[in-house]
Amino acid sequence: MKELTQQQKRFVAEYIKSLDGELSAKKAGYKSKDLKVVVNGLLSNNSIIHEIKDQLKQHISSLRVHKGYVIQKLLQIAEFSLEEEDILDKEGNSTGKKKLRDTSAGLKALESLCKYLGFSSNNDQEEYRQAKIITISNLDDDKI
C-alpha cells in the first residue's frame, strides 16, 4: 500500500471522529471550492480506506466489548421495548387496554441484532415465502 501523506492521515483521524467527509477534509487542511469532490477522491483511495478500517478495528478492540455482551443488550432492549403495558386514562387509571412500550426502539434493536448476526443477507430472504393476506372480502369456505 502507498504511504499516506500527513494531510491524508489527518483526514483519516478526523473522519473516524465525525464520519463527516467534508468537515474532516476541512479540518485536515484541504482547501477547495467543492470539498465533495475532494472527499469523493479521498474515500475512493484504497490506501485511505485501508487505514480507516485498520484504525476502526483498533478502536473497537480497545473498547474490549465482547460480542455476547452486545447480543445480550440488544435482546434486553428488544424484549423490554416490545412488552405490553397498560394504557392509562387522564386520571392515571387503567383503561383495560394494552400497548407496546416502544415499538420503534424494539424493532430497531431487532434489526440491529439481525444485521449483527448476519440474517440480512440476500440468500436468507429467499428462504421466506411471501405471506398471503386473507381478508373478509376474499375469504371463502375452502380457506376456512
Over all heavy atoms of both residues, which pair between [X] and [Y] is shortest? Give the atoms and the distance, please.
X	Y	answer
L35	A25	CD2-CB, 4.2 Å
S81	A105	OG-CB, 3.7 Å
A28	Q7	O-CG, 3.3 Å
I52	I16	O-CD1, 4.1 Å
L74	A109	O-CB, 3.7 Å

Separation between [atom1] of [X] and [atom2] of [Y], rounded to the nearest 0.5 Å:
X	Y	atom1	atom2	answer
L110	E79	CG	CD	9.0 Å
E85	S94	CD	OG	11.0 Å
K27	K17	NZ	NZ	6.5 Å
Q8	Q6	CD	CD	10.0 Å
Q72	Q76	CD	CD	5.0 Å
E83	R101	CD	CZ	4.5 Å

- Item | Within one Ile-Leu-Val-Met-Phe-Trp-Tyr cluster: Y69 and F80, side-chain cutoff 4.5 Å | no
- Please answer: with hydrophobic residues joined when any side-chain heavy atoms are less than 4.5 Å apart, are V70 and L56 in the same cluster? no
For residues [X] and [Y], determine if any side-chain heavy atom of one lies less than 4.5 Å from a side-chain heavy atom of the other.
X	Y	value
E84	K99	no
D86	K98	yes
I77	L113	no
L23	E14	no

- Item | Main-chain N/O of E22 paired with D20 side-chain donor or acceptor, under 3.5 Å | yes
- Message: I'd like to know if the side chain of S44 reaches the main chain of G41, judged simply by a donor and an acceptor atom lying under 3.5 Å from each other, with no hydrogens or angles considered.
- Response: yes
- Message: Between K9 and E3, does any NZ, NE, NH1 or NH2 come within less than 4.0 Å of an OD or OE carboxylate oxygen?
- Response: yes
- Can you find a side-chain donor-acceptor pair between N46 and H50 that sits under 3.5 Å? no
- Message: By the ring-ring contact (aromatic ring centres under 6.0 Å, His included) test, which pairs, at least two apart or in different chains, include something from residues 5-27?
- Response: F11-Y15
- Message: If the condition is side chain to side chain contact (heavy atoms under 4.5 Å, CB included), which residues does T95 pass it with, not counting sequence neighbours?
- Response: I87, D89, K97
